[in-house]
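The next block holds one structure in the form of structure tokens; read it before the comments.
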Amino acid sequence: MLSQFEKTDSAVFDIIHQEENRQAAALRMIPSENYVSKAVMLATGSCLTNKYAEGYPGKRYYEGQAFTDQIEDLARQRAMTLFGAEGVNVQVHSGSPANLATYCALAEVGSTIMGLALPHGGHLTHGWKVSFTGKFFNSVQYELDAKTGRLDYDKIADLAKKHKPRILISGASAYPRAIDFTAFQEIAKSVGAYHVCDMAHIAGLVAGKVHMSPVPYADAVTTTTHKTLRGPRGGMILCKKEHEAAINKAVFPGMQGGPHMHTIAAVAVALGEAATPDFEAYAKQVVANAKRLADGLKRFDFDLVSGGTDNHLILMDLRNKGLTGKPLAKALDCAGIVCNYNSVPGDTAGPFNPSGLRLGTPALTTRGMKEQQMDQVAEWINTVADNIDNEAVIAKITDAVLELCAQFPVPELFVQRANQ
Ligand code: DSN
């Protein structure tokens, strides 16, 4: 099949193949990225991509749904069992539409929503002004405490009392600490708001039982499926039974047409994998690795937002080093260490060259790396930061990174050349 692909369209095949080599030969430390299993990859590339299935199981607008209904029911059942949810939508295409659909299901356009500000670790779709969620809704944003770099639940409660949001959003894209979802639930309850949690970053940690689950404490929980959860690029909305019909209606026909059945099949596979003891061990190691990496970076005097991490990610504040995020991210990329520049709380630099660097351990942990390798990575990051314009030093690290990657092969290759 793959050799056929190579013959039919070598241009596309070659680019995918190069990307595959890049993924194998680099330390991928963008905390929202991972490597999926071969089974997830195969489901994503299956014949289900050929099928239209508008509607929901048992109530579709096209015929020929015997197997699509089975796939969607299986994905739904696995999601509800794994996360202990009363209801779920597995059709939503990804995290941003999941958030928008949930807000539309629980509130009207113009209602007040309240989420974590983007420069403080929130996501665009938590009401940031350039996102439609910040335009369609009256968005109020809370921030991290300037001194601790942590959520301040008292301040969030005060802001909620003042603005009386219809929806209080918990969850983040760049917050390295555990989130207390019971506190969010109490705040939401005290002002009559719905509590919507976006657990995209930590879904795998929740499934692996190393982070508190928001599911019992939120009206709805949105997530992507491709981050720590290690599934295909996709989305899900878990919810209380009473909200399921409105959420389903907001997804289809409100925002989407036909569901991507190949993605839903791959989500089902990933959910099956996430329910295993192996996955629990994986989630535990993701956190252990992040903590060890944080300790290593601190030994080199890197300043970490909140002083460390409880989860899979680290946010470095480079201001004490006289560096900004973009040049360091680029130098690290040359060395084969791929992460992303990021704003930090109180950042006065713009979003295109902010003062921070965000990195995480989900993908490295999938390759089998452990604490010892994290010590090595911390040392390399420090050397690159000290030698940002020194090509010779960076080239040496590139070679060392390649050697390490060879010792920890990626789980399964996707596109192998026919002759390999
Ligand atoms: N863009 C994602 C991230 O990298 O965190 C959030 O959806």
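Indexing begins at 1, ligand by ligand and atom by atom, following the structure's order. The structure presented is a predicted model; accordingly, all values stated were derived computationally and were not measured.
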Q: Assess the pair Y341 and F352: is the distance between their ring centroids shorter than 6.0 Å?
A: no
**Q.** H120 ring center near Y175 ring center (under 6.0 Å)
**A.** no
Q: Look at ligand 1 and say whether H201 reaches it with a heavy atom at a distance under 4.0 Å.
A: yes
Per-atom contacts, ligand 1 versus [X] - under 4.0 Å to a heavy atom:
| X | value |
| --- | --- |
| H123 | 6 (C), 7 (O) |
| K227 | 2 (C), 6 (C), 7 (O) |
| S32 | 3 (C), 4 (O), 5 (O) |
| R358 | 3 (C), 4 (O), 5 (O) |

Q) What pairs with F181 under ring pair (Phe, Tyr, Trp, His ring centres under 6.0 Å), at least two apart in sequence or on another chain? A)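 With neighbours one apart ignored, the set is H211.
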Q: May I ask you to decide if the ring planes of H260 and H93 are parallel, tilted or perpendicular, using 30° and 60° as cut-offs?
A: parallel
Q.
Ring of F279, cation from R230 - is the NZ or CZ under 6.0 Å from the centre and inside 45° of the axis?
A. no
